[in-house]
Amino acid sequence: MKRLITRFWSETSAAVAFEAVILFPVLALAWIGSFAFFDAYRTYNTSVKATYTIADLISRQEEVDQAEIDGMRNMLVSMIRGNDDVQIRVTQILRSTDDDYRVDGSFATGTLAELATPNLVPLEDRLPAMAAGERVILVESYIDYAPTFDVGLNDLTFDNFILTRPRNSTTQVLFDDGTTVHGTDHDDGAT
């Protein structure tokens with residue numbers, strides 16, 4: 001009996017096939033997991049770059065309207081590939097002479113609400129130091145992401161918060177909602 005057990009342990013003719021049966025599922029799970037994590041990273045990275053691109057496009061324009069913002073959202077959807085759960089909000093913020101922040105204009109897509117002046121209070125610590133009368137453009141994007149494979153990643157929402165200064169000759173972007181008066185004292189938030 002001892003000789004049979006010794007011969008069984010020293011037999012190596014099926015070792016490769018046995019190892020393959022054990023390791024193949026582990027390698028397959030590692031490959032699928034790396035694909036899922038890479039896809040999540042690709043989606044996040046693309047969303048950041050696309051949001052910066054949208055902010056740069058808006059900062060160079062003199063006027064935007066809701067149709068243009070909807071078009072930029074569609075561009076973001078096509079850049080992310082295969083994800084329609086994308087919303088963006090574009091807001092121009094003014095630092096008034098009494099050191100308060102005020103919304104000059106805001107557009108949003110989907111179910112996202114436009115930003116109003118009272119809603120700026122929780123965001124003030126994220127806004128840059130600005131001189132009185134200076135404006136910044138805030139572009140926020142929200143991308144819902146559901147992993148293709150269940151490898152431990154939960155459903156995620158990638159939210160980007162990008163600030164840029166207007167780069168046109170008037171140092172502001174006019175938010176044309178159909179009721180605006182075009183001029184240097186333009187303010188969509190005025191009552």
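With sequence neighbours excluded, the residues that form a side-chain contact (heavy atoms from CB on, under 4.5 Å) with D98 are S96, D100. Applying the side-chain hydrogen bond (donor to acceptor under 3.5 Å, both in side chains) rule to Q66 yields the partners D70; only residues at least two apart in sequence or on another chain are considered. E68 pairs by the side-chain hydrogen bond (donor to acceptor under 3.5 Å, both in side chains) definition with nothing, not counting sequence neighbours. With sequence neighbours left out, the salt bridge (Lys or Arg N to Asp or Glu O under 4.0 Å) criterion links R89 to E140. Y52 meets the side-chain hydrogen bond (donor to acceptor under 3.5 Å, both in side chains) test with no other residue; sequence neighbours excluded. A search for side-chain contact (heavy atoms from CB on, under 4.5 Å) contacts involving L120 returns I93, Y101, V103, L115, L123, not counting sequence neighbours. Qualifying side-chain hydrogen bond (donor to acceptor under 3.5 Å, both in side chains) partners for T91, counting only residues two or more places apart in sequence or in other chains: S106.
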Pair up each side-chain donor or acceptor in residues 147-158 with any protein partner under 3.5 Å, not counting sequence neighbours, and list the distances.
| from | atom 1 | to | atom 2 | distance (Å) |
| --- | --- | --- | --- | --- |
| T157 | OG1 | D144 | OD1 | 2.8 |

If you look only at distance, which donor and acceptor atoms sit under 3.5 Å apart when one is on a side chain in residues 23-38 and the other is two or more places apart or in another chain?
| from | atom 1 | to | atom 2 | distance (Å) |
| --- | --- | --- | --- | --- |
| S34 | OG | A30 | O | 3.3 |
| S34 | OG | W31 | O | 2.8 |

Donor-acceptor contacts under 3.5 Å from residues 40-48 side chains, at least two apart:
| from | atom 1 | to | atom 2 | distance (Å) |
| --- | --- | --- | --- | --- |
| R42 | NE | D39 | OD1 | 3.4 |
| R42 | NH1 | I80 | O | 3.2 |
| R42 | NH2 | D39 | OD1 | 3.0 |
| T43 | OG1 | D39 | O | 2.9 |
| T46 | OG1 | R42 | O | 2.8 |
| S47 | OG | Y44 | O | 2.7 |
| S47 | OG | N160 | ND2 | 3.2 |

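Identified under the side chain to side chain donor-acceptor pair (under 3.5 Å) test for residues 110-122, with sequence neighbours left out: Q87-T111. Screening residues 111-144 for ring pair (Phe, Tyr, Trp, His ring centres under 6.0 Å), with sequence neighbours left out, gives no hits.
The heavy-atom pair separating Q92 from P166 by the smallest distance is OE1-CG, 3.9 Å.
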